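Values reported hereafter were calculated over all heavy atoms of this structure, with side chains retained and with hydrogens, waters and symmetry mates removed. Keep in mind it's a predicted model, so treat the numbers as computed, not measured.
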There are 4 protein chains.
Amino acid sequence: MHNDLAAPTRDVRRPTRQHTGRRRNAAARDAILQAVFELLRNGGGSGLTIDAIAGAAGVGRQTIYRWWPSKGAVMAEAMVRGAGAIVPVRDSGSFKDDLAQFLIDIFAVLEDQGIRRALRQLVAAAQYDGHAAGALAEFTAQRRATLRSLLERGIASGDLSADANLGLLIDVAYGVLWYRLLVGHAPLDAGAARDLGTHLVAVARRAGE
Amino acid sequence: MHNDLAAPTRDVRRPTRQHTGRRRNAAARDAILQAVFELLRNGGGSGLTIDAIAGAAGVGRQTIYRWWPSKGAVMAEAMVRGAGAIVPVRDSGSFKDDLAQFLIDIFAVLEDQGIRRALRQLVAAAQYDGHAAGALAEFTAQRRATLRSLLERGIASGDLSADANLGLLIDVAYGVLWYRLLVGHAPLDAGAARDLGTHLVAVARRAGE
Amino acid sequence: MHNDLAAPTRDVRRPTRQHTGRRRNAAARDAILQAVFELLRNGGGSGLTIDAIAGAAGVGRQTIYRWWPSKGAVMAEAMVRGAGAIVPVRDSGSFKDDLAQFLIDIFAVLEDQGIRRALRQLVAAAQYDGHAAGALAEFTAQRRATLRSLLERGIASGDLSADANLGLLIDVAYGVLWYRLLVGHAPLDAGAARDLGTHLVAVARRAGE
Amino acid sequence: MHNDLAAPTRDVRRPTRQHTGRRRNAAARDAILQAVFELLRNGGGSGLTIDAIAGAAGVGRQTIYRWWPSKGAVMAEAMVRGAGAIVPVRDSGSFKDDLAQFLIDIFAVLEDQGIRRALRQLVAAAQYDGHAAGALAEFTAQRRATLRSLLERGIASGDLSADANLGLLIDVAYGVLWYRLLVGHAPLDAGAARDLGTHLVAVARRAGE
DNA sequence: AGTTAATCGAGACGGTACGTCAGGTCTTGGC
DNA sequence: GCCAAGACCTGACGTACCGTCTCGATTAACT
């Protein structure tokens, strides 16, 4: 059925056909993710229906189910891709400045109401949809790794003690962020970012003394 | 809902009659809250329907809507009532011990998978239901107040500096708690409670130095 | 609905409740049947969807499924009710005239393209839907009974022989009708009705000689 | 699909290349018709899908659409080919015997439940599919022609009067057959065939007297 | 004691969204 | 260029819930 001469050694291992038929269209996949993210940002996140997604993406409903197992899964992936606007770690030479700037940058992204709504939806979906939970776990792990590399630079520079509990520090930073985001009792602005940065540096230095 | 003053002639004819008819049955209300909490703890939170609540409580659906404006509202109230098992603040004389014990007690309550699921559901519901959001805000405000009173005792005793940023400290404590609860990347056990307690005391003491 | 005078001993005999809840709304049922018949007559019978029925009747989709088990069933009942416009048997004193007039009247009803389409749809649905098949059987049995009573008058008057095979005569009459209706190779007009009437009388008279 | 003879000049410019590409595979066509007929006879006619046909025939879906314009068309052709098992007209010298035998032979074929189901499906499909309607018309026209030739022999032999209404007689015969087949209120067995034969001869003889 | 009216459990109502299934078209790599 | 496979868009299906409305029964204050 295929050309034996082209891959003589492969035939032995894969005697049967691997695939036939039309290939999946990655453009459709992208259009769906794009549409989901836009709808989450602009429309009311609650009323996000599969039909609306399909309509906005110019795609059939079945195609969505072909790529993702549930609505939560596609929502999660869309938000990881869209909301994961990379907040870069700067390197100014001063660890304290870099940390403060990192937090300020993150909080600045969260000024956007659409991003806020999208992230809240992601957490909500993760509570009852296993796929969304997986996506959220992956998303947050990535974010924690970024912050960890920054904190490790602080250890190297001596701003943080060598035995600082980095895992806890990271959870403190993102914990405050998510807690305020989800409950909404306190602002997420530049002042909050500065306070949080001060807190992290203070405790980390103290930890080694 | 309408104003009787707009119909003065009726007041003349029925000046005294305040109310007639059967009174609401508080037992039904309790049965509903009880049923919701049980379903949240045991069943899969996703499939929590009004029908299921009514069935479990032995109640008609309309009765639920008579007492609460939305599913999120009744869920929220049930969880505030059920999950709000009071974790008392102890007074052993040592602020540090009391703080550590407070966190350990809270984390012990969270060992229960049902409580965990219920709290996660509450946060999820709050993201798309205004009533649930209100209930969550009230719930968390109450919890923050409790912790704040404990921390103020720490200031009084001199364990914390007088100008410590209590609001931030509280958000750090609950932020770590909720973040780990919602994302699930790290355990919520006695060790975590101790680490968190140490962190809070260390930073707060440092802050005033 | 029940007799309260039976009162004190009631609990013993009927310990359980007979019925609670809102009663079914016969008006909705009628609206559905009406809408189905109109859609079958006017619209293209092929594209008759449950949604279209529900929309035309101003009814929810579930209500249709509450009353009938399948689309074929509701189609069948609608057509039995709508297309079963009673063609009365006349009694002019002359059996032959009455038979001829009966056939002419039936064929006249079939001049209406909508009725034609509806009847064809009924037969089509009956081929793959058991409920529709039942409705068709009932419908045709009723029609055969009507014709049989007319033919029996013919026997009484001596126009038909006493041992005429009435079952076959009836099937001949309706067989020709349905065959032409379904295949469409020959017209169903007054001339056809007269020919068919002549045929029936001729063969039935002969049969006894 | 186009006629090469219509473009003689093309042959001059490309004298050698008569045709490129794989030729249509008539075997695939046969396999499809065979598969459709088998599925109609054995499986439930209702759930006959294009996918099922393609699968049973070992054929791609597109191949079916290359040969027929719609599902009704392929169903109709399959049934005309499969169910059109030729019932030959015999010539024993006796018209009455030949007619009776013809009807008995036809009814014998209809003993097969699969044939019955297939024919009912054909009629059902013809009610909403123009292609199937065409196929049914062609099929029935062919059957009527066969019976007509037999009846004309009856006129030649003097068993039928010269001015008998052959069109009506044919419709009576097939009408009774289809009516009983579609409604199912009476059997289609040898006894029924004999009754029908007697009826036809009786009326036809009488008609000329 | 009788009247009046709001509540109760139950369940039908008009809707909206779901996830699946089928139809007919388009695309891919192989022949 | 035909073929099998299968992804694509479309649209109907039957189900699950939603929040409201209606039913007979119950219950409690006011007459």
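Looking at B:Arg22, its side chain comes within 3.5 Å of the base of E:dT7 through a donor and an acceptor atom. Side-chain N/O atoms of D:Gln62 and base N/O atoms of E:dC26 include a donor-acceptor pair closer than 3.5 Å.
Straight-line distance from the CD1 atom of C:Ile50 to the P atom of F:dG11: 18 Å, rounded to whole Å. Atom CG of D:Asp51 and atom P of E:dT20 are 16 Å apart (whole Å). A:Arg61 has its CZ atom 9 Å from the C1' atom of F:dA12, to the nearest Å. The distance between atom CD1 of D:Ile64 and atom C1' of F:dC2, rounded to the nearest whole Å, is 15 Å. Distance, B:Lys71 NZ to F:dT20 C1': 17 Å, rounded to whole Å.
Here the CD1 atom belonging to D:Ile53 is positioned 13.0 Å from the CD atom belonging to D:Gln34, to the nearest 0.5 angstrom.
Residue-level contact check: B:Arg24 touches the backbone only, with heavy atoms under 4.0 Å from sugar-phosphate atoms and none from bases. Among the atoms of the strands shown, only primed sugar atoms or phosphate atoms (P, OP1, OP2) are found under 4.0 Å from some heavy atom of B:Trp67.
Annotation: of the two residues near DNA chain F, A:Arg29 and C:Gly21, the 5′-most nearest-nucleotide partner is A:Arg29. Both A:Val59 and D:Ala57 lie close to DNA chain F; mapped to their nearest nucleotides by heavy-atom distance, the more 5′-ward contact belongs to D:Ala57.
With distances taken from any side-chain atom of A:Arg23 to the nucleotides E:dG14, E:dT28, E:dG19, the minimum falls on E:dT28.
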